[in-house]
A.B. asks: 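I'd like to ask you about the structure that follows.
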Amino acid sequence: MNVYLDNQSTTPCDRRVLEKMLPFFSDKFGNPHSDHLFGYQAADAVSEARQHIAKLINAKEKEIIFTSGATESNNLAIKGVAEFYKNKNHIITTQIEHKCVLASCKRLEKKGFNVTYLPVDHYGRINLQQLEENIRPETLLISVIFANNEVGTIQPIKEIGEICKKHSVIFHTDAAQAVGKVKIDVEEMNIDLLSLSSHKIYGPKGIGALYRRTTGKRVNLSPIIDGGGQESGIRSGTLATPLCIGFGEACRIANNEMDIYIPKILELQKSLQEMLFNGLDNIFLNGDKDNRIPGNLNISFQGVESEALIFGLKTIAVSSGSACSSGTLEPSYVLVALNIPENLINSSIRIGIGKQNTYQEIEYCANQIIKTIKKLRKISAIEH
Ligand SMILES: *Cc1c(COP(=O)(O)O)cnc(C)c1O
């Protein structure tokens, strides 16, 4: 049995999503920007997809800008705002953002921006008072990850939104891990910009979106890709119609079925956690026990190197640290920010359960992990 438990890294494309996409590669191949019947056919389908995406976060169709993924959305949000509003030059973000947010901020620092990287507590949450204290007259943007991709911690987004509104600061959130897992309402949460990724919610890879507020306090963005002026001039280039349709279908399914698969994922997560904690001593859950995205477990197995564990678990796909920075020998900066001791950081793995996983798979994984950890601990006891 091969088991995929790395759904924070990517998810399989839902069969229905694939089926919905297929005609748009061949029969319905029109350019959605063309002014003829082939174009209209594609444009209508893209419009419908946009509505499904908007609905998932309570936005309007025209507030959805298609991008190539959350990486591009985050770049566009941060760099786009920074370039448009030249009168302010301070940004507040956190130490546990995805690499693409941190790298975008670093680039802006080279151009003269000041960036505050807020610390987090042991569970991965920012301190709201500290956030407010760090706002200056020249603060333009606050960018806080909705839910972290390594430890799954969910931030107090509604409270952050209130603070941003009170101080007239633009609020961006990277919601790649939260969309389709927790309820998101850009109105209720006062979110101005929100990044989404299709392949994290059972859609195709290579597409995402940026929600941009145009109602109420409208947010302006300078484009980072110039050209034919598609996507309201903010993101030029012919839309990848099949991918847009697939992303829309993935959101439609999430809208309709989240209430069914989220409790199921939570059940599986609870079972796995119980089996592992009952079967092994000296293991620790990283992140927040409660404010956590469904399906995520980040666990340190004391005395065992995560690479050894992953190597030992040949039939099970889990991740050590974040997939984006694995391959480097640096300890995960997210776990460092959570103040996890270094030996436990090097003993941590991330498990991401998805809607396609079954109880049988979870049981198999728990048994395999317990068996492998016991074996590895025995070997290292002999070595020492
Ligand atoms: C996956 C992920 C991204 C990057 O998304 P892509 O669509 O792969 O570019 C950004 N932020 C978070 C939190 C993610 O989990």
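We count residues from 1, following the sequence as given. Note: hydrogens, waters and symmetry copies are ignored here, and every other heavy atom, side chains too, is used. As the structure lists them, so they are numbered: ligands from 1, and atoms in each ligand from 1.
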A.B. asks: Assess Lys314 against Phe311: is NZ or CZ under 6.0 Å from the centre of the six-membered ring, and within 45 degrees of the ring's axis?
C.D. replies: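 Judged by the rule, Lys314 and Phe311 form a cation-pi pair.
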A.B. asks: Between Ala176 and ligand 1, find which residue part has any heavy-atom pair under 4.0 Å and reply side chain, backbone, both or neither.
C.D. replies: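 Within the 4.0 Å criterion, Ala176 contacts ligand 1 through side-chain atoms alone.
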A.B. asks: In terms of side-chain geometry, is the basic nitrogen of Glu72 or Arg235 positioned less than 4.0 Å from the acidic oxygen of its partner?
C.D. replies: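 Yes, Glu72 and Arg235 are salt-bridged.
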A.B. asks: Which ligand 1 atoms are under 4.0 Å away from a heavy-atom of Ser197?
C.D. replies: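 Within the 4.0 Å cut-off of Ser197, ligand 1 contributes 5 (O), 6 (P), 7 (O).
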A.B. asks: At less than 4.0 angstrom from any non-hydrogen atom of Lys200, what atoms of ligand 1 do you find?
C.D. replies: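 Counting atoms of ligand 1 from 1, those under 4.0 Å from Lys200 are 1 (C), 2 (C), 3 (C), 14 (C), 15 (O).
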A.B. asks: Pairs of nitrogen or oxygen atoms closer than 3.5 Å, one from Ala70 and one from ligand 1: do any exist?
C.D. replies: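 Between Ala70 and ligand 1, an N or O pair is found under 3.5 Å apart.
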A.B. asks: So that I can tick it off, tell me whether Glu231 and Arg50 are bridged by a salt bridge, with the cut-off set at under 4.0 angstrom between side-chain N and carboxylate O.
C.D. replies: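 A salt bridge is present here (some side-chain N lies under 4.0 Å from a carboxylate O).
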A.B. asks: Which of these, Thr71, Asn74, Val101, has its nearest heavy atom closest to atom 4 (C) of ligand 1?
C.D. replies: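 Nearest heavy atom to atom 4 (C) of ligand 1 lies in Thr71.
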A.B. asks: Just let me know how Ile145 lines up against ligand 1, side chain, backbone, both or neither, with a heavy-atom cut-off below 4.0 Å.
C.D. replies: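 Side chain only.
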A.B. asks: Check each heavy atom of Asn149 against ligand 1 and say whether those closer than 4.0 Å belong to the side chain, the backbone, both or neither.
C.D. replies: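 For Asn149, the contact with ligand 1 is made by the side chain alone.
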A.B. asks: The criterion is ring-ring contact (aromatic ring centres under 6.0 Å, His included); which residues satisfy it with Phe38, sequence neighbours excluded?
C.D. replies: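 Phe29.
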A.B. asks: Going by distance only, is there an N or O of Glu72 that falls short of 3.5 Å from an N or O of ligand 1?
C.D. replies: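 N/O-N/O distance below 3.5 Å does not exist for this pair.
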A.B. asks: Is the closest heavy-atom distance from His199 to ligand 1 below 4.0 Å?
C.D. replies: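 Right, His199 reaches ligand 1.
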A.B. asks: I'd like to know if Asp6 pairs up with Arg350 as an ion pair, taking the criterion as any Lys NZ or Arg NE/NH1/NH2 lying under 4.0 Å from an Asp or Glu carboxylate oxygen.
C.D. replies: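 Between Arg350 and Asp6 there is a salt bridge, with a charged N closer than 4.0 Å to a carboxylate O.
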A.B. asks: Taking only residues two or more places apart in sequence or in another chain, which ones pass salt bridge (charged side-chain N to carboxylate O under 4.0 Å, His left out) with Glu187?
C.D. replies: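 Result, salt bridge (charged side-chain N to carboxylate O under 4.0 Å, His left out) vs Glu187: Arg213.
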A.B. asks: Please determine if Glu48 and Arg252 form a salt bridge, counting it only when a charged side-chain N lies under 4.0 Å from a carboxylate O.
C.D. replies: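 No, Glu48 and Arg252 are not salt-bridged.
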